[in-house]
Amino acid sequence: ERSLELSRRAFFIARRILKPGGIFVCKIFEGGGVPTFMLELRPFFGSTKLVQLDYSRRGSKERYILGRGFSPHLR
């Protein structure tokens, strides 16, 4: 839950400073609220995805959210 709240706060700030077409990246620990958060991000980006890096420990819930092509207005 803390990770999700921090990610939401990061996006709150990013919405104010990202330029159109910008990229948003944040680290999150996968949990129940992550799919909903991804749906919340989708209208603001051309593409969104949840990424697990190859060098993360096996079994780790560490993920990165990647949003590309920021649009400041909801679509």
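Note that these values count all heavy atoms, side chains included, but never hydrogens, waters or copies made by symmetry.
Taking each heavy atom of Phe45 and Leu41 in turn, the nearest pair found is CD1-O, 3.4 Å. The two residues Leu18 and Ile23 have their closest heavy-atom pair at CD2-O, 3.5 Å. Smallest separation of non-hydrogen atoms from Phe70 and Lys19: CD2-O, 3.6 Å.
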Under 3.5 Å, side-chain donor or acceptor atoms of residues 24-39 against the rest of the protein: list the pairs with distances, not counting sequence neighbours.
residue, atom, partner, partner atom, Å
Lys27, NZ, Glu62, OE2, 3.0
Glu30, OE1, Arg63, NE, 3.0
Glu30, OE1, Arg63, NH2, 3.1

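Because its NZ or CZ atom is not both nearer than 6.0 Å to the ring centre of Phe12 and within 45° of the ring axis, Arg8 does not count as a cation-pi partner of that residue.
Pro72 is listed as a side-chain neighbour of Pro20, based on a closest heavy-atom distance under 4.5 Å.
Considering OG of Ser7 and CZ of Arg9, their distance stands at 11.5 Å, rounded to 0.5 Å.
Tyr64 and Leu66 fall within the same hydrophobic cluster, where Ile, Leu, Val, Met, Phe, Trp and Tyr residues are linked whenever their side-chain heavy atoms come under 4.5 Å apart, directly or through other members.
Residue Arg16 places its CZ atom among more than 12 non-hydrogen atoms of other residues, nucleotides or ligands, all under 6.0 Å distant.
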